[in-house]
Amino acid sequence: MIITIDGPAGSGKSTTARGVARYLDGQYLDTGAMYRAITLGVLRNSPGSTDSTDAVSVAADSVIELGHLDDGSQWIKLNGEDVSLAIREPLVNENVSWVSAVPEVRTAMVTLQREIGARVSETNGFLVAEGRDMGTVVFTDAELKIYLTADVAVRASRRGQDLVAQGHGVSQSEVAESLVKRDRLDSDREIDPLRPADDAVMVDTSNLTADQVISNIAEMACGR
Ligand code: DC
């Protein structure tokens, strides 16, 4: 069974997807991490570039590997190097939207995501895949599609807490500004824009605890 969780940055996708996967004893797939890893590769190879050909060559030449720690969280390697922390740097946040809007980058990542989905399906397990286009493009036949939303202020506060926990000093207004900019870029891009699938269940997480969201979705999954 495949469960997709899409929504804007800070809507609670990662916590929810990880929690639902644990609840169902399934596998968690954070696809944003894949676009972040390609972005990190571009920043390292061509600092300051916003040229799509640089992103195309990184996507073509890089090996991305994913795996899980015992607590269910995902690690990601770029060409053999564990970049799970490096991909959360503010410079990656600032560049990931343009990199992920490059069609060749998306084609390469979607292929990889579908391969992971096929492997989980072969074992009759659960895959909880989170991103922007999981329900609309990558896993259109998913048994359960969720679209998470939350007020901008709530999302900025969550992302701000994450960044502070990672040692980055940022103001709430900077985080909110960066989120709104990224939402706009992710929603307005021509290819695979952020939008709810027609058959997605909308869940507003603004006033819900993470545990409430996780158990609501896990119950929906068990009822299918
Ligand atoms: O979920 P996140 O914030 O880690 O995602 C980082 C960026 O990657 C996000 O701004 C848009 C892009 N992304 C995407 O285009 N498609 C996905 N399936 C997942 C993420």
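Sequence positions, counted from 1, serve as the residue numbers for this chain. Reckoned from all heavy atoms, side chains included, excluding hydrogens, waters and symmetry mates.
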Practice prompt. Could you walk me through whether R158 and V154 pass the side-chain contact (heavy atoms from CB on, under 4.5 Å) test, one step at a time?
Written response: CA-CA 6 Å; R158 289 176 184 157; V154 174; 3.6 Å; yes
Discussion item. Are T107 and E104 packed together at the side-chain level, in the sense that at least one heavy-atom pair is separated by less than 4.5 angstrom?
Written reply: no
Worksheet entry | Single-linkage hydrophobic cluster V92~V175, side-chain heavy atoms < 4.5 angstrom | no
Practice prompt. Run the salt-bridge test on D133 and K145 with the 4.0 Å N-O cut-off and return the result as yes or no.
Written response: no
Worksheet item: Given the rule in the side-chain contact (heavy atoms from CB on, under 4.5 Å) test, do K77 and I64 qualify, once you have shown the distances and angles that lead to the verdict?
Response: CA-CA 6 Å; K77 287 185 183 172; I64 298 227; over 6 Å; no
Worksheet entry | Nearest atoms (heavy-atom pairs only) where Y147 meets P8 | OH-CD, 4.0 Å
Item to complete: Determine, for R155 against D183, whether the closest basic-nitrogen to carboxylate-oxygen distance falls under 4.0 angstrom.
Response: yes
Worksheet item: Would you call D6-R132 a salt bridge at under 4.0 Å N-O?
Response: no
Worksheet entry | Between CG on residue L69 and OG on residue S84, distance to nearest 0.5 Å | 7.5 Å
Item to complete: Report yes if some heavy atom in the side chain of W75 is under 4.5 Å from a heavy atom in the side chain of E65; otherwise report no.
Response: yes
Worksheet item: Is it true that R44 and E81 have a side-chain N and a carboxylate O under 4.0 angstrom from each other?
Response: yes
Worksheet entry | Under 4.5 Å side-chain linkage, directly or through intermediates, the cluster mates of Y23 | M1, I3, I5, V20, L24, F126, V128, L144, I146, L148, V201, V203, L208, V213, I214, I217, M220
Discussion item. Check this for me: N207, atom CG, are more than 12 non-hydrogen atoms of other residues, nucleotides or ligands nearer than 6.0 Å?
Written reply: no
Worksheet entry | Distance-only polar pair, side chains of E130 and T31, donor-acceptor under 3.5 Å | no
Fill in: Neighbour count >12 (heavy atoms, 6.0 Å) for atom CD, Q166
yes
